[in-house]
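Data block below; observations after.
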Amino acid sequence: MKITNVDVFTVRVPLKGKFTTSQSSRTHQVSVVIEVSTDEGMVGLGNVDPSPKYSTETPEEIVACLNDALIPAVMHKDPRHIVLRLSDMDRVLQGHYHAKAALEMAFQDLAAKDLGIPVCQLLGGPVCERVSLIPSWIGHMSPEEGANRAAEWVEKGYRTLKIKVGAGVEEDVERIRAIRRAVGPDVHLRLDANEGYTPDEAIKAIQGFAPYHILYCEQPVPREDWDGMARVRKAVDVPIMADEGIVGPKDIVIAAEKGAADIVKVKVMKNGGIYGTGRMIWLAGSLGLKCVLGHGFTLGINSLSEIHLAAALPNVMMPIETTGMLKVVEDIITEPIQIDKGWVKVPMIPGLGATLDREKLLRFQI
Ligand SMILES: [Mg+2]
């Protein structure tokens, strides 16, 4: 099998309302979608969904990397030889994990389709039939709004909520207090500061959250401040998770060596594709770190790549945080992912299980 063509599309999909973190506030998701065609008539799909300030690559940069370097490096080669194709891409371009992830996802889709098996089977076989999800996270908003939103999600059957903090210590503590009051004692609260605190602020905020029993706090301080992360972790009783700081395998080693995190956050898009993210999940486990998987703004193809990966690896904490399908008004695949009370069935059909909806793709294309 040989790659004969790669089409790259940029789409702008409306979200259900405005989503605000300490990094950005937005009403649309701009994503890159790719379609890899082969000489055997088979098609593979990939998609990445960068977030402003969170991601190290913009949609424009991803498209330029694909067209100028990565696609020429793999053209006319066999997409099923995934490790060789990753080497081809690394040879022509350092870093740029988002752009590489888009292509690698399509290669996994093609390799699995060629064998007539789902991607999770290609990864060693599923360890579960379905995966659980958090609901769409609760962004920066008033304590009352946050409490109402939290109560709505719990009413729908979700038992773990994710709340964005990093807006300011007092404001954050007020919102968490209101949410805990609204949902009662049995719902897990995961917090994510998206680099929004200094180490001293983070310690003050996490100590302020203590009466409200949070599960963990994610990326309290800027990504490069590993010593600050370690200082926060030593000062509080709550597990600390690194997200923005975790790009490649060496970052997991740094997190472990510096005692800067109990948990690491991985994403197929951020970490260079399904293969590399899977290796990072194994590495984290071997260093005694747990993993949380999932990007919050995924379109359907990227969502499916994370669902297959979560279904194949035991060191992924449930629920996963792949929640773009709960945020977008419409998706660009023909059969949107079905969520039943916070659970998604792992699709056991060949490949990732996605088909492009061309009408929607062209409607949202920019
Ligand atoms: Mg995060």
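Whatever order the structure lists ligands and atoms in, that order sets their numbers, starting from 1.
- One N or O on the side chain of N315 and one on the backbone of L289 form a donor-acceptor pair closer than 3.5 Å.
- For the Mg ion (ligand 1), the set of protein N/O/S atoms nearer than 2.8 Å consists of D192 OD2, E218 OE2, D243 OD2, ordered by chain and number.
- When side chains are defined from C-beta on, V264 does not count as touching M280, because their heavy atoms never get closer than 4.5 Å.
- Between E306 and K267, none of the side-chain N atoms (NZ, or NE/NH1/NH2) sits under 4.0 Å from a carboxylate O, so this pair counts as no salt bridge.
- Applying the side-chain hydrogen bond (donor to acceptor under 3.5 Å, both in side chains) test to residues at least two apart or on different chains, the pairs with a partner in residues 356-366 are E35-R358, E330-R363, E359-R363.
- The ring of W137 has its center closer than 6.0 angstrom to the ring center of F297.
- Ion pair D90/K100 flagged as a salt bridge, since at least one NZ, NE, NH1 or NH2 atom sits closer than 4.0 Å to an Asp/Glu carboxylate oxygen.
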